[in-house]
Student: 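Sharing a structure below in structure tokens format, with a few things to ask.
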Amino acid sequence: MRVILDTNVLLSAFIRIDSNPYKLLQAWLDGRFELVSSAAQIEEITRVARYPRVRRYIAPAEVGWLVNRIRDRALVVDRLPKVDVSSDPADNFLLGMAEAAAADYLVTGDRSGVLTIGRHKKTNVVTVSEMLGTLQLE
């Protein structure tokens, strides 16, 4: 099963290790699904992690660890199709990743953005809790 974890989910996993995003990150590391990412997402992770409000919770070493794991263990798609579907244009690359990798799920915590789409082509857009339910981890 191919799954995209939105940047907000990935970074949230490092804020609280007893959180649902952490459970999803751990499920990927345990081989429960194939994580899909892209150079655009890796860039977003490193950029967002530098924001002062994020840096107070996540150390640069943790961000480096995450980026290295993504590069080593995830399916990193190279070419993203142009997608213009989301009300937030900054989220369209996630939908491009979904198309390029034929992902089964896109998991996000962005309730007012990409989550409102519900489905993009083959990809179901779901919350962290819904994905945990799918993986039977709740």
Student: Could I get the full list of side-chain contact (heavy atoms from CB on, under 4.5 Å) partners for Y51, not counting sequence neighbours?
Tutor: R47, V48, R53, V54
Student: Rounded at 0.5 Å granularity, tell me how far CD in E130 sits from OG1 in T108.
Tutor: 11.0 Å
Student: Where do A101 and R2 come nearest, in terms of heavy atoms and distance?
Tutor: O-NH1, 2.7 Å
Student: Is there a side-chain contact between R55 and P60 (heavy atoms, below 4.5 Å)?
Tutor: yes
Student: Got a sec, which hydrophobics cluster with I117, joining ILVMFWY side chains under 4.5 Å apart, including via others?
Tutor: I4, V36, L75, V77, L80, V83, V85, F93, L94, L95, M97, L106, V114, L115, V125
Student: Is there a path from L10 to I17 through hydrophobic residues (I, L, V, M, F, W, Y) whose side chains come within less than 4.5 Å of each other?
Tutor: no
Student: Which heavy-atom pair separates G109 from N8 by the least distance, and what is that distance?
Tutor: N-OD1, 3.1 Å
Student: Which pair of non-hydrogen atoms, one from S37 and one from I42, has the smallest distance, and what is that distance?
Tutor: OG-CG1, 4.1 Å
Student: Measuring from atom CE of M131 to atom CG of D104, what distance do you get when rounded to the nearest 0.5 angstrom?
Tutor: 8.0 Å
Student: Starting at OG1 of T134, measure out to CG of N124 and round the result to the nearest 0.5 Å.
Tutor: 8.0 Å
Student: Please give me the minimum heavy-atom distance between S12 and S19, naming the atom from each residue.
Tutor: O-OG, 4.0 Å
Student: CG of L66 to CD1 of I58: how many Å apart, nearest 0.5 Å?
Tutor: 9.0 Å
Student: Determine whether a donor-acceptor pair (N or O, by modelled atom type, separation under 3.5 Å) exists between the side chain of R71 and the backbone of V67.
Tutor: no
Student: In residues 25-32, what donor-acceptor pairs under 3.5 Å come from side-chain atoms, sequence neighbours left out?
Tutor:
unit_1, atom_1, unit_2, atom_2, d
Q26, OE1, Y22, OH, 3.4
Q26, NE2, D30, OD1, 3.1
R32, NH2, L135, O, 2.5

Student: Looking at V3, L5, L35, which one forms a side chain to side chain contact (heavy atoms under 4.5 Å, CB included) with L24?
Tutor: L5
Student: Give the minimum heavy-atom separation between A100 and P81, together with the two atoms involved.
Tutor: CB-CD, 3.9 Å
Student: Go through V128 and L132 one step at a time and tell me if the side chain to side chain contact (heavy atoms under 4.5 Å, CB included) criterion holds.
Tutor: CA-CA 6 Å; V128 171; L132 288 173; 4.2 Å; yes
Student: What's the spacing between T7 OG1 and I45 CD1 if we round to 0.5 Å?
Tutor: 5.0 Å
Student: Would you compute the distance between atom OG1 of T127 and atom CG of N20 and round it to the nearest 0.5 angstrom?
Tutor: 9.0 Å
Student: Could you tell me which non-hydrogen atom of R119 sits nearest to which non-hydrogen atom of K121, and how far apart they are?
Tutor: NE-O, 3.1 Å
